[in-house]
Amino acid sequence: MGKTGFLLPLMVVVLLPFFGATLSADSPNSITTDQLALLAVKSHVTHDPQNLLATNWSTTTFVCNWIGVTCGSRHHRVTALNFSGMGLTGTIQPHLGNLSFLAWLDICHNNFHGPLPVDLANLRRLKSFELCNNFTGVIPTTLGNLSKLEMSLYHNDFKGQIATAVENLSNLKYLYLQNNQLSGEILLVIENLTSLKHLDLPLTA
Ligand SMILES: *[C@@H]1O[C@H](CO)[C@@H](O)[C@H](O)[C@H]1NC(C)=O
Ligand SMILES: *[C@@H]1O[C@H](CO)[C@@H](O)[C@H](O)[C@H]1NC(C)=O
Ligand SMILES: *[C@@H]1O[C@H](CO)[C@@H](O)[C@H](O)[C@H]1NC(C)=O
Ligand SMILES: *[C@@H]1O[C@H](CO)[C@@H](O)[C@H](O)[C@H]1NC(C)=O
Ligand SMILES: *[C@@H]1O[C@H](CO)[C@@H](O)[C@H](O)[C@H]1NC(C)=O
């Protein structure tokens, strides 16, 4: 205890210049960025049958207390977003890619539709990506850059080549691909997926 009491002021002195520098270097390091991203997502939800976002995602309350939102205890940045089963209809905005601390994203069992923004490739800390909705188009090849990804659940209406969206994901353990019209040489890329424990096909070529 005596030791901690001595160390804390020292740490503050050491850390302050660092935080001062990151805070002044524009807003990617702030919860405000996360709030703006979530408000952009909310603004494109066209149907919210339980009024969950409409009443709960209020700018008068702290983002980390919003329903479906979890923040890290240390940085107070959004680390998980869970819309699962809220019955929402809408499109996903590129702003979602601004949640730079996001590790878990679960938007299953809603009616999100349209294309998936390429900007989601900015979610560099993403570990788990659960989409089971009505998306269309291709799985952006940029998602092949999500190097921390351990689980991809793509139960949707995606089309196109699967290989480039997964071939470099060496941490991928679980890959679910049902209800897509994907083509490509999944069997050729599997040998790169050295961590893979579960693969859920089918692909209809
Ligand atoms: C929003 O939902 C959370 C989680 O259910 C709850 O703790 C919080 O009180 C709600 N906030 C408002 C303003 O309704
Ligand atoms: C999201 O919430 C649902 C329902 O509360 C839960 O079953 C699911 O495990 C959650 N997803 C994640 C990634 O924690
Ligand atoms: C968030 O992302 C959008 C689109 O990707 C971008 O135009 C915007 O400038 C970003 N906003 C912030 C606050 O970083
Ligand atoms: C997808 O869309 C179809 C009709 O367009 C609808 O019947 C179905 O419920 C939707 N799926 C989800 C998960 O909302
Ligand atoms: C992946 O990231 C690298 C380095 O950040 C970049 O050069 C490359 O264009 C990215 N690839 C995709 C598919 O986004």
Side-chain angles (χ1 to χ4, degrees), residues 21-45 48-73 75-112 114-133 135 137-143 145-146 148-156 169 171-178 197-198 200:
T22 50
L23 282 178
S24 61
D26 209 4
S27 50
N29 285 309
S30 132
I31 187 69
T32 309
T33 310
D34 294 359
Q35 181 178 14
L36 288 173
L38 293 174
L39 289 174
V41 169
K42 174 185 172 181
S43 72
H44 285 79
V45 169
D48 176 5
Q50 299 167 266
N51 265 338
L52 286 175
L53 304 191
T55 59
N56 191 281
W57 283 26
S58 155
T59 50
T60 60
T61 58
F62 187 44
V63 185
C64 296
N65 295 330
W66 289 359
I67 193 165
V69 174
T70 305
C71 291
S73 52
H75 318 87
H76 295 290
R77 299 294 303 272
V78 174
T79 54
L81 184 60
N82 192 343
F83 283 155
S84 182
M86 289 187 181
L88 306 174
T89 300
T91 52
I92 289 296
Q93 293 310 294
H95 301 75
L96 192 60
N98 292 351
L99 296 175
S100 45
F101 282 76
L102 197 68
W104 293 276
L105 177 62
D106 182 352
I107 62 170
C108 277
H109 311 304
N110 289 286
N111 188 13
F112 288 108
L116 208 57
V118 294
D119 309 65
L120 298 188
N122 295 331
L123 300 173
R124 295 299 162 99
R125 290 183 171 85
L126 201 64
K127 285 186 188 159
S128 171
F129 197 19
E130 297 185 55
L131 306 172
C132 21
N133 278 277
F135 290 106
V138 298
I139 299 176
T141 58
T142 52
L143 297 188
N145 262 10
L146 298 176
K148 297 250 168 67
L149 209 58
E150 293 176 10
M151 165 148 106
S152 290
L153 196 157
Y154 292 132
H155 285 182
N156 287 286
L169 301 179
N171 287 311
L172 200 64
K173 296 190 174 104
Y174 305 94
L175 178 59
Y176 299 88
L177 293 167
Q178 288 190 338
K197 291 181 177 165
H198 184 94
D200 181 10

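First listed ligand is number 1; within each ligand, the first listed atom is number 1. The basis for the numbers below is simple: all heavy atoms, side chains too, and nothing from hydrogens, waters or symmetry mates.
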Problem - Heavy-atom check, side chain of Leu123 versus side chain of Leu99, under 4.5 Å - result: yes
Problem - Validation row: Leu172, Ser152 side chains within 4.5 angstrom (heavy atoms) - result: yes
Nearest non-hydrogen protein atom, [atom]:
atom	result
atom 5 (O) of ligand 1	Ile67 CD1, 3.9 Å
atom 7 (O) of ligand 1	Asn65 O, 4.6 Å
atom 13 (C) of ligand 1	Thr61 CG2, 3.9 Å
atom 12 (C) of ligand 2	Asn82 ND2, 3.5 Å
atom 9 (O) of ligand 1	Asn56 ND2, 4.9 Å

Handout entry: Contact check: Thr33 vs ligand 3, nitrogen or oxygen atoms, below 3.5 angstrom
Key = no
Problem - Backbone or side-chain N or O of His95 under 3.5 Å from ligand 3 N or O - result: no
Problem - 4.0 Å protein heavy-atom contact status of atom 2 (O) of ligand 1, strictly under - result: yes
How close do [X] and [Y] get, counting heavy atoms only, and between which atoms?
X	Y	answer
Ile67	Asn56	N-OD1, 2.8 Å
Asp34	Asn98	OD1-O, 3.9 Å
Gly97	Leu120	N-CD2, 3.9 Å

Practice task
For the residue pair Trp66 and Trp57, categorise the inter-ring angle as parallel (less than 30°), tilted (30 to 60°) or perpendicular (more than 60°).
Solution key: parallel
Practice task
State plainly whether the residues Lys127 and Glu150 are in salt-bridge range, i.e. N to O under 4.0 Å.
Solution key: no
Exercise for the section: Pull out every atom of ligand 2 sitting under 4.0 Å from any heavy atom of Glu130, numbered as shown with elements. Expected result: 13 (C)
Fill in the blank from the handout: The atoms of ligand 2 lying under 4.0 Å from a heavy atom of Asp106, numbered in the order shown, are 1 (C), 8 (C), 10 (C), 11 (N), 12 (C), 13 (C)
Practice task
Show the numbers, then the answer: is there a side chain to side chain contact (heavy atoms under 4.5 Å, CB included) between His95 and Leu36?
Solution key: CA-CA 8 Å; His95 301 75; Leu36 288 173; over 6 Å; no
Problem - ligand 3 atoms in contact with Asp119 (distance to a heavy atom under 4.0 Å) - result: 5 (O)
